[in-house]
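Take a look at the structure set out below.
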Number of protein chains: 2
Amino acid sequence: MKADEILKQHIAKTVSLTDEQFDYFFSHFKYQSFRKGQVILGEGDKVESEYFVLSGCLKAFFINDEVKMYILQFSMPTWWTSDYSALYNNARATINIDCITDAEVLSISNNDREKLCRELHQAEHFFRWRTNKGYVAVQKRLLSLMNNDTRKRYEELLGMYPELYNTVPKHLIAAYLGVSRETLSRLYNSSR
Amino acid sequence: MKADEILKQHIAKTVSLTDEQFDYFFSHFKYQSFRKGQVILGEGDKVESEYFVLSGCLKAFFINDEVKMYILQFSMPTWWTSDYSALYNNARATINIDCITDAEVLSISNNDREKLCRELHQAEHFFRWRTNKGYVAVQKRLLSLMNNDTRKRYEELLGMYPELYNTVPKHLIAAYLGVSRETLSRLYNSSR
DNA sequence: CTCATTGCGTGACCTAGATCACAATTTGAA
DNA sequence: TTCAAATTGTGATCTAGGTCACGCAATGAG
């Protein structure tokens with residue numbers, strides 16, 4: 001499917017736009033394609049855009065002082081990603097985004113998003129609901145991290161996104177769950 | 001300060017409304033006051049409203065199968081709170097909200113918020129930015145939970161909200177940090 | 001084809017924090 | 001005032017998961 005079709009269908013789940021409105025909306029996005037391993041956003045970069053995934057799989061991650069990696073989000077097709085803290089506050093990136101597989105994205109700048117939101121009430125509505133859902137999802141994950149042990153969180157993750165099992169290396173899954181790769185390895189190589 | 005003034009100043013940080021617009025906006029809120037310990041939202045309730053805190057301190061918390069409590073949020077004046085997952089999905093509450101101290105709130109129903117967002121572009125803008133900030137804050141907390149040990153998270157929390165030290169019992173702070181009350185107790189009764 | 005990198009499994013040991021048990025203190029309602 | 005409930009401290013264990021160290025397989029660039 002073409003980029004505009006993918007975005008159109010995604011938007012249509014939340015708001016209805018006329019073809020003219022959508023074309024205008026779409027005209028603010030830039031198509032970009034990346035190879036596996038390429039960095040889309042690096043720590044310290046100025047953050048000017050957010051990204052809508054068309055194909056492939058990205059990861060947004062944080063590296064701490066001891067060079068341990070924590071994955072905030074795997075981004076699959078129709079997901080949005082960026083360093084939102086930096087993007088909204090016009091600051092430098094503290095998180096990184098790169099490609100787990102070859103990937104295609106549509107990017108839109110912060111300025112253009114805000115412009116669209118001003119010009120098109122439905123755009124504002126769409127982005128409000130997108131973040132609403134994101135907020136609920138992150139809060140749910142926070143609760144899961146506090147409440148559930150590693151095994152339960154692992155099952156939860158693969159229950160929700162079975163495709164991850166084949167597309168992403170296990171040590172990345174461990175970095176998402178917040179445990180060491182050794183712990184995750186022992187987890188599914190030991191009987192329940 | 002009066003309820004309308006508190007809300008007005010809060011809103012003004014994000015959008016500018018005329019007095020007429022604000023009065024209309026404000027007319028959708030209901031003033032409610034509660035005593036310490038009172039339950040505002042209980043697990044299993046239909047969730048119809050969200051709450052803007054005028055005074056006092058609320059907690060939003062989850063109780064798991066082993067009757068352990070996890071606090072998602074302490075809500076101080078000018079904070080918003082609800083079971084947003086349930087509110088947005090028109091479902092029953094899975095989290096509880098009650099009053100740590102006597103408290104006053106303004107409540108607005110999901111329907112009225114959506115109505116306001118439809119009628120007033122600036123209202124939609126305001127609520128979009130409120131959630132944007134909330135999203136960033138929860139994501140930051142998630143990262144802190146994965147990356148930092150208890151002592152660091154404790155210092156982070158009290159650095160951000162020093163007033164919590166006097167207003168809320170320590171076992172609630174433990175429930176926010178995601179550790180047992182014993183661990184927290186040992187933490188600040190042992191030298192660094 | 002070949003060699004270096006990346007990914008993965010596993011043993012040995014260590015530690016932060018959980019759990020259980022008990023005591024002391026504070027607080028609030030009757 | 002009085003007594004029960006709520007709050008906090010602390011010792012004695014226990015355990016999930018971290019860390020270190022190694023070996024082995026898969027893969028991908030030259």
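All heavy atoms count here, side chains included; hydrogens, waters and symmetry mates do not.
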Distance in angstrom units between D149(B) CG and dT19(D) P, rounded:
12 Å
Considering just the side-chain nitrogens and oxygens of K68(A), establish if one lies under 4.0 Å of OP1 or OP2 belonging to dT19(D).
yes
Taking atom P of dA16(C) as reference, at what distance in whole Å does atom CG of L177(B) sit?
17 Å
Below 3.5 Å, can you tabulate the donor-acceptor pairs from side chains in residues 46-60 of chain A to any protein atom, sequence neighbours excluded?
unit_1 : atom_1 : unit_2  : atom_2 : d
E50(A) : OE1    : Y84(A)  : OH     : 2.6
E50(A) : OE1    : R130(A) : NH1    : 2.4
E50(A) : OE1    : R130(A) : NH2    : 3.4
E50(A) : OE2    : R113(A) : NE     : 2.3
E50(A) : OE2    : R113(A) : NH2    : 3.3
S55(A) : OG     : E104(A) : N      : 3.4
S55(A) : OG     : E104(A) : OE1    : 2.8
K59(A) : NZ     : D98(A)  : OD1    : 2.9
K59(A) : NZ     : D98(A)  : OD2    : 3.3

Side-chain contact test, heavy atoms from C-beta onward, threshold under 4.5 Å: evaluate it for I108(B) versus K30(B) and give yes or no.
no
Enumerate all atom pairs, one protein N or O and one N or O from nucleotides 7-13 of chain C, separated by less than 3.5 Å.
unit_1  : atom_1 : unit_2  : atom_2 : d
dC8(C)  : OP2    : K170(A) : N      : 2.8
dG9(C)  : OP1    : N189(A) : OD1    : 3.3
dG9(C)  : OP2    : S185(A) : OG     : 3.1
dG9(C)  : OP2    : Y188(A) : OH     : 3.4
dG9(C)  : N7     : R181(A) : NH1    : 3.2
dG9(C)  : O6     : R181(A) : NH2    : 2.7
dG11(C) : N7     : R186(A) : NH1    : 3.0
dG11(C) : O6     : R186(A) : NH2    : 3.2
dA12(C) : N6     : R186(A) : NH2    : 3.2

Using whole Å, what does the distance between atom P of nucleotide dG18(D) and atom CD of E66(A) come to?
14 Å
Measure the shortest side-chain to side-chain distance between W79(A) and Q73(A) over non-hydrogen atoms and say whether it is less than 4.5 angstrom.
yes
Determine the contact category for G178(B): base if any of its heavy atoms lies under 4.0 Å from a base atom, sugar-phosphate if only primed atoms, P, OP1 or OP2 are that close, otherwise nothing.
sugar-phosphate
Whole-Å distance, L187(A) CG to dT15(D) P, equals 18 Å
To the nearest Å, give me how far apart OH (Y154(B)) and C1' (dG17(C)) are.
17 Å
Rounded to the Å, how far apart are M69(A) CE and dG18(D) P?
14 Å
Judged by atom type as modelled, is there a donor-acceptor pair below 3.5 Å linking the side chain of H125(B) to the main-chain atoms of H121(B)?
no
Whichever of T150(B) and K36(B) has its nearest DNA chain C nucleotide further upstream toward 5':
T150(B)
Are Y188(A) and V179(A) in one and the same hydrophobic cluster, where Ile, Leu, Val, Met, Phe, Trp and Tyr link if side-chain heavy atoms are under 4.5 Å apart?
yes
How long is the line joining CG of N148(A) and C1' of dA16(D), in whole Å?
14 Å
Using whole Å, report how far CG of L145(B) lies from C1' of dG17(C).
13 Å
Determine whether a donor-acceptor pair (N or O, by modelled atom type, separation under 3.5 Å) exists between the side chain of R181(A) and the backbone of K170(A).
no
Does a side chain donor of either Y135(B) or Q139(B) reach within less than 3.5 Å of an acceptor in the other side chain?
yes
